[in-house]
Amino acid sequence: MKLVSDYFGCMVFNDTVMKETLSEDVYKSLKRTIEDGRSLNLSVANAVASAMKDWAISLGATHYTHWFQPMTGITAEKHDSFITPENGGKVIMEFSGKELVKGETDASSFPSGGLRATFEARGYTAWDATSYAFIKDGVLCIPTAFCSFGGDALDQKTPLLRSMEAINRQAMRVLKLFGNEEVTSVKTTVGPEQEYFLVDKDLFKKRKDLIYTGRTLFGEKPPKGQEVEGHYYGVIKPRVQAFMKDLDEELWKLGVPAKTEHNEAAPSQHELAPVFETTNIAADHNQLTMEIMQKIAKKHNLVCLLHEKPFEGVNGSGKHNNWSISTNTGVNLLEPGDTPQTNAQFLLFLCAVLKAVDDYQDLLRVSVASAGNDHRLGAHEAPPAVVSIFLGGELTEILEAIEKDIPYGAKEKELMRVGVHTLPKFPKDTTDRNRTSPFAFTGNKFEFRMLGSSASVSNPNTVLNTAVAEVLKQFADELETASDFEFALHELIKRVITDHKRIIFNGNGYDDKWLSEAEARGLLNLKTTPDAMPYFIKEKSVALFTAHKVYTEKEMLSRYEIYMRSYCNLINIEAKTMLDMAMKDILPAVSKYSGKLCGTLLSKKAVCKKLDCRYEQEMIEKITNLTKDAYAHVQALEKAIADADAVCAPDVRAVYYKDNVLKEMDALRKAANGLESIVSAEYWPFPTYGDLLFEV
Ligand code: ADP
Ligand code: MG
């Protein structure tokens, strides 16, 4: 038996391997780069590259790649072999420090939103030494950031790394105020819980919608759905169990700390949660997880669906982004703690998150916006599109007591005077779980639940880090100049609670009453991607990101364009797939079936005119009417696509896609679903929801 502890991380050039393969000096300089962000000199880079190559070759690798995350939502790699030809027809295996540190790539085929014209095709990838290199399928993968010739970020990682620097800078200022001298850096941590569906590969291959778009564009709900609630945490079926076992093994080899696996609420839906890690590493590992999930599924003749809403009327898939802030000394700054000193500091960081989420609720909403996630947010399973925070009863009461200067606590009835030495102990975490909240405090971290299952976690964490950095900056500016720190601290916390308590909501987020209350509180309800995206380029947003050097204005405009374009492209592909399925599969099948019914009717009548043929008669009429209806919607959808594509500006086009194309798609879907419910199963051209959801 292979022991997990023996093979965990065996494909990773991690700290243990570095210690073993690098000289002490080289190891120390590399550590300085990793921990303090110092740049690496070329001789050190050469030594690291050489050790990395020898290690990789010993594990069977023949190639290396700069592994990066362009704005396509998936990762990119271009493999180069280590070989260098020698005299006599031989080769040697080489890999230099220059090749490790920097790669040149043709950037013209990746989305850039106008940052790079096709004739300036050059782009660069730069090594992110803080994320370990690893071997995947015989290729040494070096995590890198990707930017244009002019230095503009063209990927997800660069802004994320910049946002981590921003929050580090500001959190350090705040910690100093509390007399924290031993801390030298602060990092955010993330544990992303990943939801997904598994469907049988043979069935998958029969559905063009799943193949081209990752979600079903037609389909009636099966007689049995998730209402029985038998699936959540249910016994895992052997085929799925075998998949999960292989998946774990593969992820563990790559150093991904996969931890928890269980069935989710919908049939065929599952979840994987890893142990949390530093944010950029968690982001890399989540990308790897999604990739490996799809690869391993195929080995089991399954397909892993990462789409946010693969099935209408069935729960969609999200990604819960558990987030916190930690010091290099191992202190979680969102841990309430046992002593007044740490409590006051905790309270200030808590308030920073409250204010950040309230001030930048629009950007948080934008950070999770995508055509796929639009089907989920606001529906009756996922959090609503309104951003709010769940704090739980006790913390909310404590904040209220501080705000109103009233006593808190059943026993002590102490006045909540916040000071470094005066704040009483917090009660131990007795907060209830609230599954409906988009942003929930869960004891010592926040869980941001609005992320879609297929998206990179980089974007939401870039926003979260930057927004909190900005608020910490405001706090530090104010407190650093205060003559009486404790007094200023108390006043600041009180003010933040008063000004931002509207963002706290502990009730049921699925309740329609909440939506009207949220509106009354002045909270935003940005229902769709085209509604949300324009907030990304508002003056306030540009001011935030440029002040903290996370994005330049040019980068923001380019991203805005990329998102709008990809929204349109995605719906365009979906709409065209629907037309294809309707015209080539559904309508011909239905026509054939009604021909069959007509034949039966005629033969019956030929036997005896008086035979009761109501079934055939009525079905023929019904099918004829629904077919007429469906065909009319096909034509209307064709027209809507053509009209949408005639609109030049991507943002205007996106609105057109949302208002017209999606509407026609819905109508066509309804008509076709009506046909599906009455046409003989034998004639229906592809597997149904029942087949897909209950076959595995
Ligand atoms: P739950 O009760 O929601 O299952 P868990 O403690 O199991 O809570 O955590 C769920 C996810 O949150 C896991 O991925 C876990 O690693 C992550 N997590 C726990 N602590 C932190 C933290 N300090 N920062 C970021 N993520 C965390
Ligand atoms: Mg959770």
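Every number for a ligand or one of its atoms is a count from 1 in the order of the listing.
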Determine, using heavy atoms of V275 and all atoms of ligand 1, whether some pair is separated by less than 4.0 Å.
->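 The answer is yes: ligand 1 sits under 4.0 Å from a heavy atom of V275.
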With a 4.5 Å limit on heavy-atom distance, are the side chains of M450 and R365 in contact?
->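 M450 vs R365: side chains touch.
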Out of K445, E193, E447, whose heavy atom is nearest to atom 9 (O) of ligand 1?
->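 Nearest option to atom 9 (O) of ligand 1, by heavy atoms: K445.
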SB check [X] [Y] (cutoff 4.0 Å):
{"X": "D6", "Y": "K2", "value": "no"}
{"X": "D284", "Y": "K157", "value": "yes"}
{"X": "R173", "Y": "E480", "value": "yes"}

Below 6.0 angstrom between ring centroids: does that apply to F134 and F13?
-> no
For the rings on W323 and F276, is their centre-to-centre separation under 6.0 Å?
->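 No, they do not, as the ring centres are separated by 6.0 Å or more.
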P274 heavy atoms within 4.0 Å reach ligand 1 at atoms 13 (C), 14 (O), 15 (C), 16 (O)
Heavy-atom contacts with N332 under 4.0 Å: which atoms of ligand 1 show up? List them by number with element.
->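 The list of qualifying atoms is 23 (N).
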Considering distance alone, does some N or O of [X] sit under 3.5 Å from an N or O of ligand 1?
{"X": "T189", "answer": "yes"}
{"X": "P192", "answer": "no"}
{"X": "N322", "answer": "yes"}

With heavy atoms and a 4.0 Å threshold, my read on which part of H320 contacts ligand 1 is neither
